[in-house]
Amino acid sequence: MQNYLEGLNEPQMTAVVHRDGPIMIIAGAGSGKTKVLTTRIAHLMKNGVDAFNILALTFTNKAAAEMKERVEKALGNSEARNLYIGTFHSIFARLLRADATKLGYPSNFTIYDTDDAKGIIKDIVKIMNLDDKHYKPSFVLNRISAAKNSLIGPEEYRKDSAIQSEDAKSQRHKMADIYQAYANQCMKNGAMDFDDLLFKMHQLLTTFPDVLAKYQHRFHYILIDEYQDTNAAQYSIIKMLGAVRENICVVGDDAQSIYSFRGATVQNILQFQDDYDDVKVVKLEQNYRCTQNIINVANNVISNNQKQIPKELWTDNKVGEKIMLARTMTDNDEGRFVADAIKEQQMRNHYANKDFAILYRTNAQSRSFEESLRRMNIPYKLYGGVSFYQRKEIKDFLAYLRLVVNTRDEENLKRIINVPARGIGNTTINKYVAAAAEHNTTFWELIEQGSGNAKVDSFVQMIKSFQSMLNTKNAYDLAFAVGKYSGLVQELYNDKTVEGLARYENVQELLNSIKEFTETPDEEGELHDKSLGSYLQQISLQTDVENDKDENVDVVKLMTIHSAKGLEFPCVFVVGLEETLFPSSMSLYDREGLEEERRLFYVAITRAKERLWVTYANSRYRFGSLVQNDESRFVQEIPLMYLDRTFSGVSNKPGAGPAKGVSGMLNQNFDKVPSLKKLADKLATANAATQQKPHTPSADFAADDPAELKVGMKVEHQKFGFGNITGIEGSSNNPIASIDFGAGHGVKKIMLNYAKLKIVQ
DNA sequence: GAGCGATTAATTTTT
DNA sequence: TTAATCGCTC
C-alpha cells in the first residue's frame with residue numbers, strides 16, 4: 001500500500017479509492033474531510049489521472065490553498081500545481097476571462113465587491129428618483145443577488161409572478177427596473193460582481209455548447225468541498241460540467257449548512273442521490289477532533305433540528321471536561337470573564353494564547369473582548385470585520401489601478417476623479433454621467449479627447465500617462481507611479497493624525513504587497529505575467545491579506561462563527577448566547593431560519609477540541625443603550641449532565657473600575673487551586689489602590705430566595721457587604737433592586753435572579 | 001466646490 | 001455606541 005493511504009479509517013479509505021461515478025461523502029465535523037479530499041486527489045494522480053483533468057472547488061481561498069498544499073505533500077512532487085483547485089469564484093473568473101468577449105465583456109473585466117455594487121445601485125435609485133430609504137442599496141443588492149444565485153436574470157425577474165407579487169407586497173414595484181439597470185450598468189462598465197461570476201459562467205456554458213464541451217472534456221474528475229453551501233447556480237454549473245463522465249465527488253455536512261442567506265440550499269446535498277444513478281454514499285462519522293463531552297453536546301443540540309441526513313458523530317477521544325456555562329451581568333463582564341478564564345487556563349493547564357478562540361454571532365460583539373484582553377495584556381487578533389481591501393484608502397488606490405486597466409469602469413472613475421480633491425465636484429461629475437448616458441457612450445470616452453475643462457483634462461492626461469506604462473512597467477512600478485503622481489500618497493503623508501498615519505501605512509503595505517507580487521515567481525508555472533492587470537486579477541477575489549504565517553503567531557483569535565467554520569482550537573468560547581442575538585432576531589420568523597442558527601451553534605461547538613465555554617450576558621449595550629436579553633434557547637438544549645454552570649453575578653457600572661468582576665471570579669475559581677490563590681491575592685493587592693476592599697461574607701452566608709426580598713429590608717451581599725433595599729423595579733420575572741450599600745459602594749442596581757443576597761432583617 | 005458641524009440612521013452572517 | 005449623510009456657510 002502506498003504510504004499516503006496509511007492511517008485512513010474504513011469509510012475514509014472507501015471514499016479515497018472509489019474511482020469512477022458519483023460519490024457523496026457526508027463528513028461530520030472533525031471527521032477528516034480535508035484529508036479524504038486531498039488523499040483522494042493524490043490517489044487519482046498516482047493512478048494515472050493528469051492533474052490538468054482534475055477540478056476541485058472550494059468556498060474559501062484558505063481551503064483551496066490548504067488542499068493544494070496537502071496534495072503536494074501527499075504526492076511528494078510539484079505536479080499538484082497543475083490542478084484546478086480554487087474557489088468557485090476564482091476558478092470561474094479564470095474561465096470567464098478566456099471567453100468574456102463572447103458575453104460582451106472585456107477579458108480584463110473588473111470584479112466588483114459588495115461595496116462597489118451597492119454604490120452602483122445607490123446611483124441608479126437616485127437617477128430613477130426613488131426613495132433610497134425604501135430602496136436601500138443593501139436590500140436591493142440582496143434581492144438581485146438572490147435572483148442571480150437562482151439563475152434568474154432581469155427578464156425572468158420581471159416575468160416571474162411570484163417575485164413580482166412579493167415586490168408589490170413590499171411596495172417595491174421598481175425592483176425589476178433597478179435590476180435591469182444594474183445589470184446594464186455593470187456590463188457597460190465592463191465589470192462583474194461576485195454573483196455574476198457564477199451567473200455568467202452558467203450563461204457561458206448554456207449559450208455556447210462548444211465552450212461547455214471543452215470543459216466537459218477537460219475536467220475528468222470534479223470534487224466539490226462544502227457541498228451543502230452550494231446555491232442553485234453552482235449546482236447547475238457542476239451538473240453541466242460533470243454531465244459527460246459523472247465523476248463527481250461531493251463532500252459536505254448538512255448539519256453545517258450556514259450560508260442560506262447567500263443562496264445556499266441544503267436541498268442540493270439532500271437530493272444528490274436522486275440526481276445521479278448509483279451514487280456511492282460514504283459517511284464519515286468518527287470525529288478525531290473533540291472530546292466525548294463536546295461531541296455529545298453537539299449531537300444533542302443538533303437533534304433538535306427536524307431536517308437532516310441521519311448520522312451520529314462519535315469519537316474515541318477521552319471524555320474530557322464538562323462544558324462551562326457562564327452567565328454574567330453585562331457584556332463587559334462577559335469580556336472580563338473570558339479574559340480571566342483564559343489567564344486561568346494558561347496558568348493552570350499551560351495553554352498558549354493561540355490555543356484560544358472567542359467565537360461570536362456578530363462582529364459588533366468583539367468590542368468587550370478586545371477591551372478585556374487588552375487590559376490583561378493578552379495578545380489577540382481580530383479576524384473579519386473591515387478587511388484590508390475594504391478600507392477607503394486602499395479602495396481609492398485600487399480604483400486608480402482598475403481604471404487604468406479598464407477605462408470603461410465608470411464606478412471607479414467617479415470614485416477617484418476628485419481624489420485627492422482637484423476641484424472636480426459632483427455637479428461636474430453628474431453632468432458627464434448624464435451626457436454619457438444620453439449619447440450612449442462611456443464617461444471616459446466623453447472626456448478622453450478633451451473636455452473643455454482644464455481640471456478634467458489634466459486628470460485625463462495623468463490617467464493616460466499611467467496607461468502608457470501598462471505594457472512596459474510591472475505592477476509595482478506602475479502602482480508606485482500612480483501613488484506618486486496622483487497625489488494620493490502625498491495627501492496621506494500630510495495627514496499627521498493617528499488615523500492618517502494608519503492610512504498612510506496601509507497604502508505602503510499595499511505597495512509592499514504589490515512589490516512582493518512582482519518579485520515572486522508564478523506558482524502556476526504558466527505565464528510570468530507581472531503586469532498590473534495580472535495583479536488585479538489575483539487580488540480581486542481576495543477578501544483578506546492574511547497569510548499562513550499568521551497561523552503560528554501566538555495570539556488569541558476572535559472571529560464570527562461563520563468565519564470559524566473549518567477551523568479548530570483547543571479551547572473555545574462561544575459567547576453571547578442570548579435570545580435575539582443568538583439565535584438572531586432576524587432568524588426567528590420561520591423554522592428554517594431557526595434551524596440554521598442551531599446549525600451555526602453546532603458549528604461553534606464542534607470547533608473545540610478540549611475545552612468549551614458557553615457564555616452570555618443578562619444585559620448588553622446595543623446602539624448605546626442597555627438592553628436585556630433572555631438566555632438563548634440553545635443553552636437549554638445542552639443536557640445538564642455535560643454542564644458546569646458558573647454564575648458570575650457581577651454588577652459593574654460603566655466606569656466603576658475594572659476589577660470587581662475580576663476579583664469575584666478569581667476568588668471563586670481559585671479557591672479550588674491553592675497554588676493559584678497566591679496569585680489571586682497578589683492581584684487583589686495590586687488592585688487595592690483602585691478598589692474598595694472586598695467584604696468578607698459572614699460565616700453563615702447563604703443566599704435567600706430573591707422572591708422574599710422587599711423594599712426596606714437589610715441584606716448582605718457577598719462582595720458589597722450590608723445594604724438597604726431602597727426600591728425594586730423591573731418585571732416580576734426579572735426584578736431589579738436598588739440597594740444602598742453605604743459609603744463604600746453606594747447604591748447599586750442588582751438583578752435579584754442572579755445576585756446572592758442574604759436577608760439580615 | 002470645499003469643509004465643517006449637526007443630525008440621524010443602523011447593526012447577521014461573506015465568497 | 002459609531003459611521004455616514006445632510007445641510008449650512010464660506
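Chain letters run A, B, ... following the sequence lines, proteins first and then strands; every chain starts at 1.
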In whole angstrom, what separates [X]'s [atom1] from [N]'s [atom2]?
X	N	atom1	atom2	answer
A:Glu596	B:dT13	CD	P	13 Å
A:Lys395	C:dA4	NZ	P	12 Å
A:Gln365	B:dT12	CD	C1'	10 Å
A:Asn430	B:dG1	CG	C1'	13 Å
A:Leu594	B:dT13	CG	C1'	15 Å
A:His134	B:dA10	NE2	P	14 Å
A:Phe139	B:dA9	CZ	C1'	18 Å
A:Asp115	C:dA4	CG	C1'	13 Å

Give one of base, sugar-phosphate or nothing for [X], where a contact means two heavy atoms less than 4.0 Å apart.
X	result
A:Thr428	sugar-phosphate
A:Ser90	nothing
A:Lys136	sugar-phosphate
A:Lys565	nothing
A:Asn418	sugar-phosphate

### Task
Between B:dT13 and C:dA4, how far apart are the C1' atoms? Round to whole Å, please.
22 Å

### Query
How far does the P atom of B:dT11 sit from the matching atom of C:dC6, given to the nearest Å?
15 Å

### Query
Closest nucleotide of DNA chain B for A:Ser563 versus for A:Gly423: which of these residues is on the 5' side?
A:Gly423

### Message
Both A:Lys133 and A:Arg422 contact DNA chain B. Which one's nearest nucleotide lies toward the 5' end?
### Response
A:Arg422

OP1 or OP2 of [N] less than 4.0 angstrom from a side-chain nitrogen or oxygen of [X], does that happen here?
X	N	answer
A:Asn363	B:dT11	no
A:Lys62	B:dT14	no
A:Ser585	B:dT12	no
A:Thr560	B:dT12	no

### Task
Identify which one of A:Glu592, A:Glu595, A:Glu596 satisfies the side chain to side chain donor-acceptor pair (under 3.5 Å) criterion when paired with A:Ser260.
A:Glu596

For [X] and [Y], indicate whether the former's side chain and the latter's backbone hold a donor-acceptor pair under 3.5 Å.
X	Y	value
A:Asn406	A:Gly190	yes
A:His89	A:Leu197	no
A:Asn268	A:Thr230	yes

### Query
A:Phe59 stacking on B:dT15: centroids under 5.5 Å, ring planes under 30°?
no

### Task
For the residue pair A:Asp331 and A:Ser368, confirm or rule out a side-chain donor-acceptor distance under 3.5 Å.
no

### Distance-only polar pair, side chains of A:Asn332 and A:Arg367, donor-acceptor under 3.5 Å
yes

Nucleotide nearest [X] when distance is taken to its side chain, options [options]:
X	options	answer
A:Thr362	B:dT12, B:dG1, B:dT14	B:dT12
A:Phe261	B:dG1, B:dT13, C:dT5	B:dT13
A:Lys392	B:dT12, C:dA4, B:dT14	C:dA4
A:Tyr259	B:dT14, B:dT15, B:dT11	B:dT14

### Query
For the residue pair A:Phe272 and A:Tyr227, does the interplanar ring angle fall in the parallel (under 30°), tilted (30 to 60°) or perpendicular (over 60°) class?
perpendicular

### Message
Whether the side chain of A:Arg361 and the base of B:dT13 hold a donor-acceptor pair under 3.5 Å is what I'd like checked.
### Response
yes

